[in-house]
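Working notes, structure below.
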Amino acid sequence: MSARGPLFRRLLVANRGEIALRVMRTARELGIETVAVYSDADRNALHVRHADVAYHLGPPPPKESYLRGDLLLAAAKAAGCDAVHPGYGFLSENAVFAQACEDAGLVFVGPPPAAIGAMGDKVQARKIADDARVPLVPGLKEDVRDLAALKAKADEIGYPVMLKAAAGGGGKGIRIVRAEKDLDEAGRLARAEAAAAFGDDRVYLEKFVVEPRHVEIQVMADRFGDVVSYGERECSVQRRHQKLVEESPCAVLTPSLRHAMGEAACRLAKAVGYVGAGTVEFLYSRGEFYFLEMNTRLQVEHPVTEMRYGVDLVEEQLRVAAGERLAPVPEPRGHAIEVRINAEDPDTFFPALGSVRRLTLPAGPGVRMDAAVYRGLEVTGYYDSMIGKLIVHGADREHAIARCRRALEELRLVGVATSVPVALRVLEDPRFVRGEYHTGLLEDMARQPAPATVELAALAAAVAKFSQVERKVASVTGTGSSPWKLANRLDILQGRVR
């Protein structure tokens, strides 16, 4: 608790699941009362049970519950809240909602609406980054609807290129184009997906960086214009532009590159008048890094930074939102890894539904589990497939990998398929172990048979060979006897049967 008393009296957590629970835990430590919101599907959720007060929003679909800013503000007003924490996802990067909170006299625990809007528009974000001397991937600085202009720029910078939604995020509205003949169709598909996901069909074009690494910088800014960096996170293990395994530090960054990326991220945050926690994402390849985007919220993988730096980023968010100055950044120690536990088929990555019948969570030194999963939980298709996060800390990278494998093997979740088998394969892959991987790692692994598949194939071959021997023995002896019963017939097993 602050020496001057609670930072806020009552906080509305405008989210659900593990992130809502995680925010509430810090708030409770700071003496702040918490208010939960829930849909019909989340009536029995852990974040609802944990809060001091809970308000019902409506039916399960997000557009009728968690995306209804008017309902969230009504709950905050009814509960007597003085602040709103948006978590991540849903309305966390919605400038209109942030402004509505301010207009209602509520402190929005996040950046100013103008900063959210500027960084949410990817074309505008590139322009601001360019002005702040942040390295950019070669490409257009504005959205273009004319195919001829797209082709001209693609010819100038060379294929492959990438089309991206101007108002995008989360991997939506992205198309990789490897030849001019595919540009028209890719543009049509990217615009359609962008319009469906964001209500905005603008796209822009940039060079597709071959075999890049996805490295991001955690920043924190206060209302006095100060900005600090909490180092980097490597997020290159991803499928369909969705992250699965994150770690800190990045295995290949030199101290000078790490410093340069941190400085660039802080320059961008200052240029946009940022306040609170944010993440500046970069592509890194062959000694160079390029600005990708800025996420104006707390990241899913923020515990990686917390474990390595020994900080509570949610507490820092709340203190900054209450008008306090930034705390000094501690020295980082060791190595941290996070694995997202998704309810999905490990072979196809399609969402998995069902009821959690048995659950055993991992524990032990250096192990943290952020989850709102419990026995009896019904996993539905209404929300994101992530149901938990495993975070570990070790003395070094080798130690952290071994600890993460041990913890994943301890996890028992029966009733719903999860992505755990894929994560274990990643941790055992020689390229990951060596730190020599890029964003295409999971795609490369998908082309190779999983260890379990190899073992099954070997077993099937052994059974087939056994059946062949059995048939040969039977044909020689004129009987249907098992070869095990005929094991003493050396003349059969060593002579006539080959």
Side-chain angles (χ1 to χ4, degrees), residues 1-8 11 13 19 22-23 25-32 82-88 92-93 98 101-102 106-116 118-119 128-129 132-134 215-233 248-249 255 258-282 291 294-333 336:
M1 184 182 300
S2 171
R4 297 185 298 276
L7 301 169
F8 301 104
L11 175 73
V13 183
I19 184 57
R22 187 262 172 278
V23 171
R25 284 172 171 152
T26 291
R28 177 158 295 179
E29 292 177 6
L30 295 172
I32 303 171
D82 46 1
V84 175
H85 195 300
Y88 46 67
S92 62
E93 293 182 282
C101 288
E102 292 189 4
L106 296 164
V107 175
F108 181 77
V109 185
I116 297 175
M119 291 294 99
I128 295 172
R133 297 176 290 107
V134 178
V215 182
E216 61 188 30
I217 301 292
Q218 175 70 59
V219 297
M220 187 73 71
D222 63 21
R223 299 184 185 278
F224 301 93
D226 294 322
V227 184
V228 296
S229 162
Y230 284 88
E232 85 280 6
R233 296 184 292 255
S248 179
R258 181 172 292 112
H259 177 76
M261 292 177 77
E263 287 291 307
C266 290
R267 283 199 306 274
L268 180 61
K270 287 184 177 181
V272 77
Y274 203 81
V275 175
T279 300
V280 182
E281 303 196 348
F282 296 99
F291 172 70
M294 184 177 190
N295 290 311
T296 54
R297 53 170 167 80
L298 198 66
Q299 289 281 84
V300 174
E301 58 272 22
H302 76 273
V304 173
T305 298
E306 292 183 326
M307 293 285 272
R308 187 160 174 253
Y309 280 80
V311 297
D312 183 336
L313 292 178
V314 172
E315 179 178 347
E316 290 302 306
Q317 280 188 298
L318 291 168
R319 290 192 178 281
V320 164
E324 293 190 5
R325 286 189 175 275
L326 290 171
V329 178
E331 285 296 319
R333 60 183 183 84

Those residues that, when tested against Glu301, pass side chain to side chain donor-acceptor pair (under 3.5 Å) (two or more places apart): Lys243, Gln299, Arg340
Nearest heavy atoms of Ala118 and Ile128, plus distance in Å: CB-CD1, 3.7 Å
Heavy-atom side-chain contact between Glu232 and Arg258 under 4.5 Å: yes
Residue of the set Val107, Val23, Val109 for which side-chain contact (heavy atoms from CB on, under 4.5 Å) holds with Leu318: Val109
With sequence neighbours excluded, residues passing side chain to side chain donor-acceptor pair (under 3.5 Å) with Thr26: Arg22, Asp312
Minimum heavy-atom distance Tyr309-Pro330, with the two atoms named: CD2-O, 3.2 Å
Intermediate values then yes/no, side chain to side chain contact (heavy atoms under 4.5 Å, CB included), Phe108 and Ile116: CA-CA 12 Å; Phe108 181 77; Ile116 297 175; 3.9 Å; yes
Closest heavy-atom pair and its distance - Thr296, Met119: CG2-CB, 3.6 Å
Side chains of His302 and Gln218, donor plus acceptor under 3.5 Å: no
Any pair counted as side chain to side chain donor-acceptor pair (under 3.5 Å), so long as it reaches residues 220-230, sequence neighbours left out: Asp226-Arg325
Donor-acceptor under 3.5 Å (Glu216 side chain, Arg233 main chain): no
Value rounded to 0.5 Å, distance of CE in Met220 from CD in Gln317: 5.5 Å
Set of side chain to side chain contact (heavy atoms under 4.5 Å, CB included) partners for Arg28, sequence neighbours left out: His50, Asp52
Criterion side chain to side chain contact (heavy atoms under 4.5 Å, CB included) on Glu281 and Met294, from CA distance to verdict: CA-CA 6 Å; Glu281 303 196 348; Met294 184 177 190; over 6 Å; no
Glu316 CD to Glu306 CD distance, which is reported to the nearest 0.5 Å: 10.0 Å
Side chain to side chain contact (heavy atoms under 4.5 Å, CB included) assessment of Arg319 paired with Leu326: CA-CA 8 Å; Arg319 290 192 178 281; Leu326 290 171; over 6 Å; no
Backbone of Arg297 reached by a side-chain donor or acceptor of Ser92 within 3.5 Å: no
Let me check something: any side-chain donor-acceptor pairs from residues 260-275 under 3.5 Å, sequence neighbours excluded? List them with distances.
residue : atom : partner : partner atom : Å
Arg267  : NE   : Ala132  : O            : 3.0
Arg267  : NH2  : Arg133  : O            : 2.9
Tyr274  : OH   : Ala277  : O            : 2.7

Non-hydrogen side-chain atoms of Leu313 and Leu298 separated by less than 4.5 Å: yes
Phe282: partners by ring-ring contact (aromatic ring centres under 6.0 Å, His included), with sequence neighbours left out: Phe289
